[in-house]
Amino acid sequence: MASNPLNPAGDIPETGIPGGRSAEMTMAEQHEWHRDYLRRHPVSRRNILRGAAAAAAVAAVGTSPFGKRAYAEEAQLAVGGRHVGFGPDSTSQLRFAAQLSRQPAGTKVFLDHGPTPALGATVEAEVRNLLTQLPTSDGGVLAAEQFYAHAPVDGLPGRVPHFYRWRTADGFTGDIRAAATAMPTARAAIVPFRFTMMGDQGTDETPALPSGVVPGDYDDKYYKADNEPNAPHATNVLRQIAAARPDFHILAGDIAYADPSGAGKPAQFVAHGGKLPDGFDKFNPYVWDVYFGAIEASAAQTPWMFATGNHDMEATYGALGYGGHAARLDFPGNGPAGCPSAYSFTYGNVAVLSLDANDVSYEIRANTGYSGGAQTSWVERTLAAYRADPGIDFLVCFFHHCAYSTTDAHAS
Ligand SMILES: [Fe+2]
(Lines give C-alpha, C1' and ligand atoms only; values in the text may rest on other atoms or scores of the structure.)
Protein backbone atom coordinates (compact mmCIF):
# COMPACT_ATOMS: atom_id res chain seq x y z
CA MET A 1 0.00 0.00 0.00
CA ALA A 2 1.19 3.50 -0.74
CA SER A 3 2.73 5.34 2.19
CA ASN A 4 0.40 8.24 1.54
CA PRO A 5 -2.92 6.51 0.93
CA LEU A 6 -5.92 8.28 -0.53
CA ASN A 7 -7.78 7.60 2.71
CA PRO A 8 -5.63 7.13 5.83
CA ALA A 9 -6.77 4.21 7.98
CA GLY A 10 -9.81 4.98 10.07
CA ASP A 11 -10.61 8.29 8.44
CA ILE A 12 -13.60 7.24 6.35
CA PRO A 13 -16.41 4.83 7.21
CA GLU A 14 -15.61 1.26 6.28
CA THR A 15 -18.63 -0.03 4.41
CA GLY A 16 -17.67 -3.61 3.75
CA ILE A 17 -14.94 -3.47 1.11
CA PRO A 18 -12.52 -6.14 2.33
CA GLY A 19 -8.78 -6.18 2.54
CA GLY A 20 -8.21 -2.53 3.27
CA ARG A 21 -8.76 -1.73 -0.41
CA SER A 22 -10.98 1.24 0.34
CA ALA A 23 -7.85 3.12 1.42
CA GLU A 24 -6.98 3.56 -2.26
CA MET A 25 -10.50 4.09 -3.62
CA THR A 26 -12.48 7.25 -4.19
CA MET A 27 -16.08 7.41 -2.98
CA ALA A 28 -17.26 6.90 -6.56
CA GLU A 29 -15.06 3.81 -6.91
CA GLN A 30 -16.27 2.45 -3.58
CA HIS A 31 -19.87 2.99 -4.56
CA GLU A 32 -19.28 1.22 -7.86
CA TRP A 33 -17.68 -1.65 -5.94
CA HIS A 34 -20.84 -1.86 -3.82
CA ARG A 35 -23.07 -1.91 -6.87
CA ASP A 36 -21.03 -4.69 -8.42
CA TYR A 37 -21.07 -6.73 -5.19
CA LEU A 38 -24.81 -6.37 -4.87
CA ARG A 39 -25.37 -7.43 -8.47
CA ARG A 40 -23.64 -10.67 -7.52
CA HIS A 41 -25.42 -10.98 -4.13
CA PRO A 42 -29.03 -9.98 -4.73
CA VAL A 43 -31.16 -9.41 -1.63
CA SER A 44 -34.87 -10.03 -1.58
CA ARG A 45 -37.00 -7.48 0.22
CA ARG A 46 -38.14 -10.35 2.44
CA ASN A 47 -34.63 -10.63 3.85
CA ILE A 48 -34.35 -7.02 4.88
CA LEU A 49 -33.63 -6.75 8.56
CA ARG A 50 -36.98 -5.79 10.00
CA GLY A 51 -40.19 -7.45 11.08
CA ALA A 52 -40.08 -10.51 13.30
CA ALA A 53 -36.34 -10.98 13.20
CA ALA A 54 -35.80 -7.34 13.97
CA ALA A 55 -38.27 -7.47 16.83
CA ALA A 56 -36.38 -10.33 18.43
CA ALA A 57 -33.14 -8.42 18.09
CA VAL A 58 -34.62 -5.27 19.52
CA ALA A 59 -35.94 -7.14 22.53
CA ALA A 60 -32.46 -8.44 23.24
CA VAL A 61 -30.39 -5.31 23.58
CA GLY A 62 -30.17 -1.63 23.11
CA THR A 63 -32.23 1.51 23.06
CA SER A 64 -33.98 3.26 20.22
CA PRO A 65 -36.03 6.42 19.97
CA PHE A 66 -39.09 4.25 19.59
CA GLY A 67 -38.90 1.70 22.41
CA LYS A 68 -38.02 -1.91 22.12
CA ARG A 69 -40.70 -3.36 19.90
CA ALA A 70 -41.27 -0.38 17.62
CA TYR A 71 -39.38 -1.81 14.64
CA ALA A 72 -41.72 -4.79 14.42
CA GLU A 73 -44.10 -4.74 11.48
CA GLU A 74 -47.18 -5.31 13.63
CA ALA A 75 -46.22 -2.61 16.15
CA GLN A 76 -47.93 0.78 16.16
CA LEU A 77 -46.23 3.08 13.65
CA ALA A 78 -44.33 5.69 15.66
CA VAL A 79 -42.55 8.93 14.81
CA GLY A 80 -39.33 9.77 16.66
CA GLY A 81 -35.97 11.44 16.23
CA ARG A 82 -37.46 14.82 15.36
CA HIS A 83 -35.12 17.43 13.92
CA VAL A 84 -35.79 20.87 12.52
CA GLY A 85 -33.78 22.95 10.09
CA PHE A 86 -34.00 26.18 8.13
CA GLY A 87 -35.12 26.14 4.52
CA PRO A 88 -33.24 28.08 1.83
CA ASP A 89 -34.96 31.25 3.03
CA SER A 90 -34.18 30.87 6.73
CA THR A 91 -36.35 33.83 7.72
CA SER A 92 -39.56 32.29 6.38
CA GLN A 93 -39.00 28.55 5.89
CA LEU A 94 -38.66 25.65 8.31
CA ARG A 95 -37.95 22.05 7.41
CA PHE A 96 -39.43 19.50 9.80
CA ALA A 97 -38.08 15.96 9.76
CA ALA A 98 -38.38 12.79 11.81
CA GLN A 99 -37.87 9.07 11.57
CA LEU A 100 -40.59 6.44 11.32
CA SER A 101 -40.21 3.34 13.47
CA ARG A 102 -40.95 1.04 10.55
CA GLN A 103 -42.22 0.94 7.00
CA PRO A 104 -45.46 2.97 6.96
CA ALA A 105 -47.01 0.49 4.51
CA GLY A 106 -49.32 3.06 3.02
CA THR A 107 -50.20 4.77 6.31
CA LYS A 108 -50.09 8.51 5.77
CA VAL A 109 -47.92 10.68 8.00
CA PHE A 110 -48.88 14.26 8.79
CA LEU A 111 -47.39 17.38 10.30
CA ASP A 112 -50.00 19.47 12.11
CA HIS A 113 -48.74 23.00 12.62
CA GLY A 114 -49.74 26.56 13.37
CA PRO A 115 -48.88 29.82 15.15
CA THR A 116 -50.30 28.62 18.47
CA PRO A 117 -50.49 25.22 20.22
CA ALA A 118 -53.95 24.93 18.69
CA LEU A 119 -52.07 24.26 15.42
CA GLY A 120 -54.75 24.44 12.71
CA ALA A 121 -52.90 23.53 9.51
CA THR A 122 -51.84 20.11 8.26
CA VAL A 123 -49.42 18.95 5.58
CA GLU A 124 -48.89 15.37 4.50
CA ALA A 125 -45.28 14.39 4.96
CA GLU A 126 -43.01 13.08 2.27
CA VAL A 127 -41.62 9.70 3.34
CA ARG A 128 -38.08 9.00 2.18
CA ASN A 129 -37.12 5.35 2.11
CA LEU A 130 -33.44 4.65 2.69
CA LEU A 131 -32.25 1.19 1.75
CA THR A 132 -28.84 0.09 3.01
CA GLN A 133 -27.14 -3.04 1.72
CA LEU A 134 -23.72 -3.78 3.15
CA PRO A 135 -21.39 -6.64 2.35
CA THR A 136 -20.79 -8.71 5.47
CA SER A 137 -17.76 -10.71 6.50
CA ASP A 138 -19.48 -14.02 5.83
CA GLY A 139 -19.95 -13.10 2.17
CA GLY A 140 -23.55 -12.02 2.60
CA VAL A 141 -25.38 -8.73 2.86
CA LEU A 142 -26.66 -6.78 5.84
CA ALA A 143 -29.79 -5.13 4.52
CA ALA A 144 -31.63 -2.43 6.40
CA GLU A 145 -34.47 -0.14 5.52
CA GLN A 146 -35.17 3.17 7.27
CA PHE A 147 -37.98 5.63 6.71
CA TYR A 148 -37.80 9.38 7.23
CA ALA A 149 -40.69 11.85 7.19
CA HIS A 150 -40.16 15.36 5.88
CA ALA A 151 -42.52 18.32 5.88
CA PRO A 152 -41.52 21.77 4.62
CA VAL A 153 -43.41 24.79 5.90
CA ASP A 154 -42.96 28.09 4.06
CA GLY A 155 -44.34 31.61 4.39
CA LEU A 156 -43.68 31.95 8.12
CA PRO A 157 -42.93 35.24 9.90
CA GLY A 158 -39.36 35.82 11.07
CA ARG A 159 -38.27 34.47 14.45
CA VAL A 160 -41.79 33.72 15.68
CA PRO A 161 -42.30 30.32 17.35
CA HIS A 162 -44.26 27.96 15.14
CA PHE A 163 -45.93 24.98 16.79
CA TYR A 164 -46.08 21.48 15.37
CA ARG A 165 -46.68 17.84 16.07
CA TRP A 166 -46.27 14.64 14.06
CA ARG A 167 -49.27 12.40 13.54
CA THR A 168 -50.05 9.24 11.60
CA ALA A 169 -53.32 8.18 10.03
CA ASP A 170 -53.43 5.04 12.18
CA GLY A 171 -53.41 6.76 15.53
CA PHE A 172 -49.96 7.98 16.56
CA THR A 173 -49.96 11.57 17.84
CA GLY A 174 -46.74 13.17 19.03
CA ASP A 175 -46.44 15.94 21.60
CA ILE A 176 -46.46 19.57 20.53
CA ARG A 177 -43.15 21.40 20.06
CA ALA A 178 -42.27 24.80 18.65
CA ALA A 179 -39.44 26.03 16.44
CA ALA A 180 -38.72 29.45 15.00
CA THR A 181 -37.44 30.75 11.70
CA ALA A 182 -34.40 33.02 11.56
CA MET A 183 -34.31 36.66 12.52
CA PRO A 184 -34.78 38.93 9.48
CA THR A 185 -31.75 40.91 8.39
CA ALA A 186 -33.53 44.27 8.58
CA ARG A 187 -31.63 46.56 10.97
CA ALA A 188 -34.75 47.41 12.94
CA ALA A 189 -35.40 43.73 13.61
CA ILE A 190 -31.99 42.83 15.02
CA VAL A 191 -31.77 41.91 18.69
CA PRO A 192 -29.20 39.79 20.53
CA PHE A 193 -29.21 36.11 19.66
CA ARG A 194 -27.09 33.04 20.25
CA PHE A 195 -25.89 30.10 18.27
CA THR A 196 -23.82 27.07 19.17
CA MET A 197 -21.32 25.08 17.11
CA MET A 198 -19.96 21.59 17.52
CA GLY A 199 -18.25 18.99 15.38
CA ASP A 200 -17.35 15.34 15.83
CA GLN A 201 -20.42 14.51 17.84
CA GLY A 202 -21.52 10.87 17.74
CA THR A 203 -23.89 9.32 20.25
CA ASP A 204 -23.69 7.54 23.58
CA GLU A 205 -26.64 5.28 22.82
CA THR A 206 -26.23 1.69 21.70
CA PRO A 207 -28.18 0.85 18.56
CA ALA A 208 -30.76 -1.90 18.89
CA LEU A 209 -29.87 -3.50 15.57
CA PRO A 210 -28.34 -5.63 14.26
CA SER A 211 -28.36 -8.16 17.09
CA GLY A 212 -25.15 -8.63 18.98
CA VAL A 213 -24.20 -4.97 19.33
CA VAL A 214 -23.10 -4.06 22.85
CA PRO A 215 -22.30 -0.72 24.51
CA GLY A 216 -18.99 0.56 23.22
CA ASP A 217 -19.24 -1.00 19.75
CA TYR A 218 -20.67 2.09 18.08
CA ASP A 219 -21.54 4.60 20.78
CA ASP A 220 -19.13 7.28 21.86
CA LYS A 221 -18.31 5.50 25.12
CA TYR A 222 -15.56 3.67 23.27
CA TYR A 223 -13.44 6.80 23.66
CA LYS A 224 -13.00 6.45 27.38
CA ALA A 225 -10.98 9.59 27.91
CA ASP A 226 -14.04 11.69 27.10
CA ASN A 227 -16.35 10.02 29.55
CA GLU A 228 -17.26 11.04 33.05
CA PRO A 229 -19.04 8.74 35.48
CA ASN A 230 -22.39 10.45 35.19
CA ALA A 231 -22.25 12.15 31.80
CA PRO A 232 -20.73 10.41 28.82
CA HIS A 233 -19.18 12.63 26.19
CA ALA A 234 -21.95 13.03 23.62
CA THR A 235 -24.63 13.34 26.29
CA ASN A 236 -22.63 16.04 28.02
CA VAL A 237 -22.18 17.96 24.75
CA LEU A 238 -25.87 17.69 23.99
CA ARG A 239 -26.75 18.95 27.47
CA GLN A 240 -24.54 21.99 27.00
CA ILE A 241 -26.15 22.78 23.66
CA ALA A 242 -29.66 22.37 25.01
CA ALA A 243 -28.85 24.40 28.14
CA ALA A 244 -27.53 27.27 26.01
CA ARG A 245 -30.96 27.46 24.34
CA PRO A 246 -29.40 28.65 21.10
CA ASP A 247 -31.45 30.20 18.30
CA PHE A 248 -29.75 27.71 15.99
CA HIS A 249 -27.02 25.11 16.13
CA ILE A 250 -24.41 24.35 13.47
CA LEU A 251 -22.70 20.98 13.35
CA ALA A 252 -19.42 21.00 11.51
CA GLY A 253 -19.40 17.41 10.34
CA ASP A 254 -18.67 13.91 11.64
CA ILE A 255 -22.26 13.70 12.72
CA ALA A 256 -23.32 10.26 13.92
CA TYR A 257 -20.22 8.09 13.37
CA ALA A 258 -22.13 5.12 12.03
CA ASP A 259 -18.86 3.28 12.20
CA PRO A 260 -16.21 3.75 14.88
CA SER A 261 -13.24 3.97 12.53
CA GLY A 262 -10.53 6.14 13.92
CA ALA A 263 -11.05 4.78 17.40
CA GLY A 264 -8.29 2.26 17.08
CA LYS A 265 -10.68 -0.67 17.06
CA PRO A 266 -10.21 -3.60 14.71
CA ALA A 267 -11.88 -3.03 11.37
CA GLN A 268 -14.43 -5.75 11.86
CA PHE A 269 -17.86 -5.96 13.33
CA VAL A 270 -18.54 -9.18 15.15
CA ALA A 271 -21.39 -9.90 17.51
CA HIS A 272 -20.38 -9.81 21.17
CA GLY A 273 -18.50 -12.97 22.02
CA GLY A 274 -17.89 -13.91 18.41
CA LYS A 275 -14.46 -14.21 16.86
CA LEU A 276 -13.10 -11.77 14.36
CA PRO A 277 -14.12 -12.68 10.84
CA ASP A 278 -11.96 -12.41 7.80
CA GLY A 279 -13.76 -9.53 6.25
CA PHE A 280 -15.55 -6.55 7.43
CA ASP A 281 -19.03 -5.39 8.37
CA LYS A 282 -18.63 -2.48 10.64
CA PHE A 283 -20.76 0.36 9.25
CA ASN A 284 -24.14 0.23 10.99
CA PRO A 285 -26.98 2.40 9.65
CA TYR A 286 -28.96 1.94 12.90
CA VAL A 287 -26.49 4.19 14.70
CA TRP A 288 -28.42 7.01 13.02
CA ASP A 289 -31.59 5.92 14.83
CA VAL A 290 -30.11 6.37 18.26
CA TYR A 291 -28.31 9.52 17.15
CA PHE A 292 -31.56 11.21 16.13
CA GLY A 293 -33.16 9.99 19.34
CA ALA A 294 -30.35 11.55 21.34
CA ILE A 295 -30.32 14.98 19.69
CA GLU A 296 -34.09 15.31 19.70
CA ALA A 297 -34.03 17.07 23.08
CA SER A 298 -32.50 20.04 21.27
CA ALA A 299 -33.14 19.47 17.57
CA ALA A 300 -36.93 19.13 17.92
CA GLN A 301 -37.13 22.87 18.62
CA THR A 302 -33.77 24.34 17.64
CA PRO A 303 -32.83 24.32 13.95
CA TRP A 304 -29.75 22.12 13.53
CA MET A 305 -27.70 22.81 10.40
CA PHE A 306 -25.23 20.16 9.28
CA ALA A 307 -21.99 20.14 7.30
CA THR A 308 -20.33 16.90 6.16
CA GLY A 309 -17.06 15.58 7.56
CA ASN A 310 -14.85 12.69 6.57
CA HIS A 311 -16.92 10.23 8.63
CA ASP A 312 -20.02 11.34 6.73
CA MET A 313 -18.82 9.88 3.41
CA GLU A 314 -20.85 6.68 3.46
CA ALA A 315 -19.98 4.80 0.27
CA THR A 316 -23.08 2.65 0.36
CA TYR A 317 -25.19 5.72 -0.47
CA GLY A 318 -24.33 7.10 -3.89
CA ALA A 319 -21.21 8.25 -5.68
CA LEU A 320 -20.32 10.92 -3.08
CA GLY A 321 -21.58 8.89 -0.13
CA TYR A 322 -24.14 11.57 0.73
CA GLY A 323 -27.38 9.78 -0.24
CA GLY A 324 -28.09 8.81 3.36
CA HIS A 325 -27.89 12.42 4.47
CA ALA A 326 -30.28 13.41 1.70
CA ALA A 327 -32.83 10.95 3.10
CA ARG A 328 -32.26 11.83 6.75
CA LEU A 329 -31.63 15.56 6.74
CA ASP A 330 -32.91 18.66 4.96
CA PHE A 331 -30.03 20.57 3.44
CA PRO A 332 -31.26 23.99 2.19
CA GLY A 333 -30.13 23.22 -1.34
CA ASN A 334 -29.13 26.76 -2.25
CA GLY A 335 -25.41 26.08 -2.67
CA PRO A 336 -23.36 25.02 -5.67
CA ALA A 337 -24.93 22.38 -7.91
CA GLY A 338 -23.83 18.88 -6.97
CA CYS A 339 -22.70 19.83 -3.43
CA PRO A 340 -25.66 18.99 -1.19
CA SER A 341 -23.98 19.90 2.10
CA ALA A 342 -22.73 23.33 0.93
CA TYR A 343 -25.28 26.09 1.41
CA SER A 344 -25.82 29.43 3.09
CA PHE A 345 -28.39 31.12 5.28
CA THR A 346 -28.72 34.31 7.27
CA TYR A 347 -29.65 35.01 10.87
CA GLY A 348 -30.07 38.70 11.61
CA ASN A 349 -26.85 40.46 10.63
CA VAL A 350 -24.91 37.19 10.31
CA ALA A 351 -24.51 35.14 7.13
CA VAL A 352 -23.54 31.51 7.60
CA LEU A 353 -21.94 29.27 4.98
CA SER A 354 -21.78 25.51 5.35
CA LEU A 355 -18.87 24.20 3.27
CA ASP A 356 -17.92 20.68 2.31
CA ALA A 357 -14.23 20.31 3.16
CA ASN A 358 -14.22 16.80 1.71
CA ASP A 359 -14.12 18.51 -1.71
CA VAL A 360 -10.86 20.31 -0.95
CA SER A 361 -9.00 18.07 1.50
CA TYR A 362 -5.43 17.12 0.63
CA GLU A 363 -5.34 14.66 3.51
CA ILE A 364 -8.45 12.48 3.13
CA ARG A 365 -9.06 12.39 -0.60
CA ALA A 366 -11.99 10.07 -1.27
CA ASN A 367 -14.02 13.05 -2.50
CA THR A 368 -11.29 15.58 -3.20
CA GLY A 369 -12.10 17.65 -6.26
CA TYR A 370 -15.58 16.23 -6.78
CA SER A 371 -17.16 19.62 -7.41
CA GLY A 372 -14.58 20.48 -10.08
CA GLY A 373 -14.04 23.88 -8.49
CA ALA A 374 -17.74 24.72 -8.40
CA GLN A 375 -17.79 24.96 -4.63
CA THR A 376 -14.79 27.26 -4.41
CA SER A 377 -16.17 29.66 -6.99
CA TRP A 378 -19.56 29.56 -5.23
CA VAL A 379 -17.83 30.47 -1.97
CA GLU A 380 -16.12 33.44 -3.62
CA ARG A 381 -19.37 34.66 -5.18
CA THR A 382 -21.39 34.11 -2.02
CA LEU A 383 -18.90 35.85 0.27
CA ALA A 384 -18.74 38.79 -2.14
CA ALA A 385 -22.51 39.06 -2.20
CA TYR A 386 -22.83 39.00 1.58
CA ARG A 387 -19.98 41.51 1.97
CA ALA A 388 -21.87 43.82 -0.36
CA ASP A 389 -25.09 43.37 1.63
CA PRO A 390 -25.56 46.32 4.03
CA GLY A 391 -27.66 44.12 6.31
CA ILE A 392 -24.79 41.67 6.98
CA ASP A 393 -22.04 42.50 9.49
CA PHE A 394 -20.54 39.06 10.15
CA LEU A 395 -19.69 36.04 8.01
CA VAL A 396 -19.42 32.59 9.58
CA CYS A 397 -18.12 29.68 7.52
CA PHE A 398 -18.25 26.26 9.08
CA PHE A 399 -16.62 23.13 7.73
CA HIS A 400 -15.06 19.99 9.06
CA HIS A 401 -11.35 19.80 8.35
CA CYS A 402 -8.69 22.12 9.72
CA ALA A 403 -8.04 24.91 7.26
CA TYR A 404 -4.65 25.42 8.88
CA SER A 405 -2.89 23.18 11.34
CA THR A 406 0.34 23.33 13.31
CA THR A 407 0.61 19.56 13.51
CA ASP A 408 1.38 17.04 10.82
CA ALA A 409 -1.76 15.06 11.74
CA HIS A 410 -5.04 16.17 10.24
CA ALA A 411 -3.41 19.11 8.48
CA SER A 412 -6.03 18.88 5.81
FE1 LIG B 1 -13.17 14.17 11.09
Side-chain angles (χ1 to χ4, degrees), residues 13 49-50 54-72 75 78-84 97-102 130 132 142 144 146-148 174 198-243 249 251 253-263 265 269 271-272 281-302 304 306 309 311-312 314 324-325 327-329:
L49 187 62
R50 59 182 165 80
V58 172
V61 67
T63 59
S64 89
F66 310 114
K68 289 194 169 189
R69 286 196 68 261
Y71 290 111
V79 185
R82 293 166 291 187
H83 44 284
V84 181
Q99 183 172 6
L100 306 181
S101 57
R102 58 166 174 80
L130 181 63
T132 307
L142 167 67
Q146 291 160 305
F147 303 88
Y148 298 94
M198 179 70 195
D200 305 277
Q201 189 183 13
T203 174
D204 294 318
E205 305 297 323
T206 304
L209 296 174
S211 62
V213 175
V214 298
D217 282 343
Y218 290 95
D219 55 72
D220 213 339
K221 296 189 197 88
Y222 60 70
Y223 189 56
K224 298 210 167 31
D226 273 356
N227 295 320
E228 296 165 33
N230 301 315
H233 169 67
T235 302
N236 191 28
V237 168
L238 200 279
R239 276 186 197 165
Q240 302 295 328
I241 294 166
H249 176 64
L251 204 166
D254 284 7
I255 303 166
Y257 288 92
D259 85 322
S261 36
K265 301 188 83 175
F269 167 72
H272 188 58
D281 33 331
K282 193 165 60 170
F283 180 84
N284 181 359
Y286 293 102
V287 173
W288 282 95
D289 296 17
V290 287
Y291 175 78
F292 283 131
I295 70 168
E296 189 181 40
S298 172
Q301 56 269 326
T302 296
W304 277 46
F306 298 89
H311 287 285
D312 304 312
E314 302 169 330
H325 310 310
R328 293 171 168 128
L329 306 172

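All values below come from the heavy atoms of this structure, side chains included, with hydrogens, waters and symmetry mates left out.
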Exercise. Heavy atoms, side chains only, cut-off 4.5 Å: are Phe292 and Tyr148 in contact?
Worked result: yes
For this session: For the residue pair Leu100 and Val79, establish whether any side-chain heavy-atom pair is separated by less than 4.5 Å.
Result: yes
Exercise. Do Asp289 and Gln99 have side-chain N/O donor and acceptor atoms under 3.5 Å apart?
Worked result: yes
Problem set entry | Least distance between heavy atoms, Pro285 atom then Ala144 atom | CG-CB, 3.9 Å
Exercise. Is the backbone N or O of Ala97 less than 3.5 Å from a side-chain atom of Arg82, with the two atoms forming a donor-acceptor pair by type?
Worked result: no
For this session: Work out which heavy atom in Leu238 is nearest to a heavy atom in Ser298; give both atom names and the distance.
Result: CD2-CB, 4.4 Å
For this session: Measure the spacing between CG of Asp312 and NE2 of His325 and express it to the nearest 0.5 Å.
Result: 4.5 Å
Problem set entry | Backbone of Gly81 reached by a side-chain donor or acceptor of His83 within 3.5 Å | yes
Exercise. Hey, mind stepping through Val290 and Thr206 against side-chain contact (heavy atoms from CB on, under 4.5 Å) and telling me if it holds?
Worked result: CA-CA 7 Å; Val290 287; Thr206 304; over 6 Å; no
For this session: Report yes if the side chains of Trp304 and Val84 come closer than 4.5 Å at any heavy-atom pair, otherwise no.
Result: no
Problem set entry | Gap between atom CD1 of Ile295 and atom CD1 of Ile241 - 0.5 Å precision | 9.0 Å
Exercise. Using the ring of each side chain (for Trp, its six-membered ring), is Tyr291 parallel, tilted or perpendicular to Trp288, with breaks at 30° and 60°?
Worked result: perpendicular
Seminar exercise, completed: Result for side chain to side chain donor-acceptor pair (under 3.5 Å) between Tyr257 and one of Asp219, Thr203, Asp200 points to Asp200
Problem set entry | From Gln201 atom CD to His249 atom NE2, the distance as rounded to the nearest 0.5 Å | 6.0 Å
Exercise. From Leu209 CG over to Gln146 CD, what is the distance, rounded to the nearest 0.5 angstrom?
Worked result: 9.5 Å
Seminar exercise, completed: CG (Leu130) and CZ (Arg328) are apart, to the nearest 0.5 Å, by 5.0 Å
For this session: Under the side-chain contact (heavy atoms from CB on, under 4.5 Å) rule, what do Tyr218 and Val213 come out as? Steps first, then yes or no, please.
Result: CA-CA 8 Å; Tyr218 290 95; Val213 175; 3.7 Å; yes
Exercise. Do Phe283 and Glu314 have side chains that get closer than 4.5 Å, going by heavy atoms?
Worked result: yes
